[in-house]
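Data block below; observations after.
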There are 2 protein chains.
Amino acid sequence: MAAIGQRNRLQYIILGLLNQRPQTGYDLTKAFENEIGEFWQAKHSQIYPMLKRLEAAGEITHEDTVTGEKLAKKQYSLTPAGHEKLVAWVTEPSPELTAIKDEFILKLYFIKSIADPRLQPMLQEQAGLHRAQLAHLRQRQTTVFPNQAAIDQAYGHYLILDHAIEREEHYVDWLEKYLAH
Amino acid sequence: MAAIGQRNRLQYIILGLLNQRPQTGYDLTKAFENEIGEFWQAKHSQIYPMLKRLEAAGEITHEDTVTGEKLAKKQYSLTPAGHEKLVAWVTEPSPELTAIKDEFILKLYFIKSIADPRLQPMLQEQAGLHRAQLAHLRQRQTTVFPNQAAIDQAYGHYLILDHAIEREEHYVDWLEKYLAH
DNA sequence: TTAAACCATGTAATTAATTACATGGTTTAA
DNA sequence: TTAAACCATGTAATTAATTACATGGTTTAA
């Protein structure tokens, strides 16, 4: 008897991305390097096998295309069954809180004293990282959502970018609160 | 030739916790249910094997104790080698950004329109979850850090609790920004 | 006095995820 | 014209992590 499948949210993300438009595994991989990556991570070595699994389950299909002389691509798209599964997932509750893995914060936990000489350099280093990330996200926002029409057409995408930007803003603010001036 | 070991931060967290005071696997498991859990997750089934591995590597040792008539406990503590390894980890840079897995945000991405009838209930549900989490964290802060002396003795711990609280505050604020009034 | 909650430690089976290996085509800028 | 960057798809090996299985002791409150 097969197990229900341990959460396995990756499949739903793939279904959701393919619902927007037919795409290749490579396109999906790129999506994880942009805004999806702010809230979920996956490499191509996880994505390609999942595409095969979803196709075997009848939830997606693919069409072979060729670019240039012979570069083969597989354009995947949703089947009705896949669409149904996606809608069911989005509609059901999400009672689990965000899982965060933050190595820097973990290290902080083991700094016992405000006078530890490692504390300020650590805060500085992180401030640099998060300021760069914030700049990158703001840049993306202006390119992806240059006007209200763009926002209206992909409202959820707008929301998650906005959320990521605010998260980085507050992370930087928090670091600066403890940076010696 | 054995691989270097794929990041494996869990071992460092365990070393760090044992550096504070000798503890059992059960105690460590509880730590992940409190503030550590805000930034890293691990179950007892991952912790007990890791304790054996660290002991085999000579980085921790244990002492057997008994509670009541016969409840056996293993009190683990750091060896000098373990302490050295912990210090090295805390001191080295942490150039990787926070990894976040947030199923709710992911679902939002697939909501195309502000008029989608699922949007407001989803925001409401999450607001409830994060308000409860925020209340829980604030409660912990008043019990764990009732005065300045407590803060001075575990400054890093104070910092990460403060960070978790601010994160939840801003998450709730963000949700409320998009909640219809 | 007894049931629930908690303390305590493990292993087995399975799934998720990363890193490394492997190959080859296309486009772009120096 | 050629090297770098990018497009494109996969598998193998390994490690990380979760869920389930397994067992038993102690404390607390009804």
Side-chain angles (χ1 to χ4, degrees), chain A residues 1-14 22-34 36-37 39-57 60 62-76 96 99-101 103 106, chain B residues 1-14 22-34 36-37 39-57 60 62-76 96 99-101 103 106:
Chain A
M1 196 157 302
I4 272 301
Q6 216 168 268
R7 297 284 46 216
N8 188 7
R9 290 157 181 108
L10 176 61
Q11 63 181 325
Y12 300 112
I13 306 170
I14 290 176
Q23 292 182 74
T24 65
Y26 187 84
D27 296 331
L28 297 172
T29 302
K30 288 289 146 187
F32 281 94
E33 286 163 23
N34 293 318
I36 294 281
F39 300 100
W40 207 268
Q41 299 81 43
K43 313 262 178 187
H44 79 279
S45 55
Q46 211 185 345
I47 290 166
Y48 286 106
M50 183 60 77
L51 286 169
K52 297 211 158 176
R53 227 173 99 184
L54 288 170
E55 187 162 44
I60 63 177
H62 81 268
E63 212 174 305
D64 290 302
T65 63
V66 170
T67 296
E69 281 305 296
K70 44 181 160 174
L71 183 61
K73 291 189 195 188
K74 293 183 179 177
Q75 208 78 21
Y76 285 95
E96 274 142 65
I100 292 175
K101 298 217 160 176
E103 188 175 16
L106 236 31
Chain B
M1 195 157 299
I4 272 300
Q6 214 168 268
R7 297 287 43 220
N8 188 8
R9 290 158 181 109
L10 177 60
Q11 64 181 325
Y12 300 113
I13 306 170
I14 290 176
Q23 292 182 71
T24 65
Y26 187 84
D27 295 332
L28 297 173
T29 302
K30 288 289 144 187
F32 281 93
E33 286 164 22
N34 294 317
I36 294 281
F39 300 101
W40 208 268
Q41 300 81 42
K43 312 262 176 186
H44 80 278
S45 56
Q46 211 186 345
I47 291 167
Y48 286 107
M50 184 59 78
L51 286 169
K52 298 211 157 173
R53 224 174 102 184
L54 289 170
E55 187 162 44
I60 63 177
H62 81 269
E63 213 175 303
D64 290 303
T65 63
V66 171
T67 296
E69 280 305 296
K70 44 182 160 171
L71 183 59
K73 291 189 195 189
K74 294 184 180 176
Q75 206 79 18
Y76 286 94
E96 274 143 64
I100 292 176
K101 298 216 159 178
E103 188 176 15
L106 235 33

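What you are looking at is a predicted structure, and each value in this text was computed from that prediction instead of being measured. Naming convention: chains lettered A, B, ... in sequence-line order (proteins, then strands); numbering from 1 in each chain. The basis for the numbers below is simple: all heavy atoms, side chains too, and nothing from hydrogens, waters or symmetry mates.
- Remark: B/K52 pairs with no residue by the salt bridge (Lys or Arg N to Asp or Glu O under 4.0 Å) rule, at least two apart or across chains.
- Shown here for A/Y12 and A/R7, the closest heavy-atom pair between the two residues is CE1-O, 4.1 Å.
- Legend: residues meeting side chain to side chain donor-acceptor pair (under 3.5 Å) with B/K73, ordered by chain and number and at least two apart, are B/T67.
- The side chain of A/T29 contributes no N or O atom lying less than 4.0 Å from OP1 or OP2 of D/dA8.
- What separates CE of A/M50 from P of D/dT11 is a distance of 14 Å, to the nearest Å.
- Atom NZ of B/K43 and atom C1' of C/dT11 are 17 Å apart (whole Å).
- The separation between A/W40 atom CH2 and C/dA16 atom P is 10 Å, rounded to whole Å.
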List, with names and distances, any nitrogen or oxygen atoms from the protein found under 3.5 Å away from nitrogen or oxygen atoms belonging to nucleotides 3-6 of chain C.
none

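- When the side-chain nitrogen and oxygen atoms of A/K101 are compared with OP1 and OP2 of D/dA17, one or more of them lie within a distance under 4.0 Å.
- With sequence neighbours left out, the side chain to side chain donor-acceptor pair (under 3.5 Å) criterion links A/Q41 to no other residue.
- Between A/L51 and A/I60, the closest heavy-atom pair is O-CD1, 3.4 Å.
- Taking the side chain to side chain donor-acceptor pair (under 3.5 Å) definition, one finds that A/Q11 meets it with A/K85, sequence neighbours left out.
- With sequence neighbours left out, A/E96 forms a salt bridge (Lys or Arg N to Asp or Glu O under 4.0 Å) with A/R9.
- Side-chain atoms of B/S45 and base atoms of D/dT19 include a donor and an acceptor less than 3.5 Å apart.
- Residue pairs satisfying the salt bridge (charged side-chain N to carboxylate O under 4.0 Å, His left out) criterion with at least one member in residues 23-33 of chain B, sequence neighbours excluded, are listed as follows: B/K30-B/E33.
- Phosphate contact (OP1/OP2 of C/dT14, side-chain N/O of A/R7, threshold under 4.0 Å): absent.
- Qualifying side chain to side chain contact (heavy atoms under 4.5 Å, CB included) partners for B/S45, counting only residues two or more places apart in sequence or in other chains: B/K43.
- Look at CD1 on B/I13: it is 13 Å from C1' on D/dA17, rounded to the nearest Å.
- In terms of the side chain to side chain donor-acceptor pair (under 3.5 Å) criterion, A/K74 has no residue partners (sequence neighbours excluded).
- Distances shorter than 4.0 Å separate none of the side-chain N or O atoms of A/Q46 from OP1 or OP2 on C/dA16.
- Partners of B/A42 by side chain to side chain contact (heavy atoms under 4.5 Å, CB included), not counting sequence neighbours, listed by chain and number: B/L10, B/F32, B/Q46, B/I47.
- When the C1' atom of C/dT18 is taken as reference, atom CD of A/E33 falls 15 Å away, rounded to whole Å.
- When the P atom of C/dG10 is taken as reference, atom CG of B/L28 falls 12 Å away, rounded to whole Å.
- In this structure, A/Y48 atom OH and D/dA8 atom P are separated by 8 Å, rounded to whole Å.
- In this structure the side chain of A/N8 reaches within 4.5 angstrom of the side chain of A/M50, judged on heavy atoms.
- Of the side-chain N and O atoms in A/K73, none sit less than 4.0 angstrom from OP1 or OP2 of C/dG25.
- For the pair B/Q75 and A/L10, nearest-nucleotide mapping onto DNA chain C gives the more 5' position to B/Q75.
- Straight-line distance from the NE2 atom of B/H44 to the P atom of C/dA12: 13 Å, rounded to whole Å.
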List every contact pair, protein side and nucleotides 26-29 of chain C side both N or O, where the distance is under 3.5 Å.
from, atom 1, to, atom 2, distance (Å)
C/dT26, OP1, A/T67, O, 3.2
C/dT26, OP1, A/E69, N, 2.7
C/dT26, OP1, A/K70, N, 3.0

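- In this model, the phosphate group of D/dT11 is approached by a side-chain N or O of A/K52 to a distance below 4.0 Å at OP1 or OP2.
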Could you spell out the base pairing of DNA chain C as a dot-bracket line? Use Watson-Crick and G-U wobble contacts where both distances are under 3.5 Å, [ ] for crossing pairs, | for partners on a different strand. ||||||||||||||||||||||||||||||
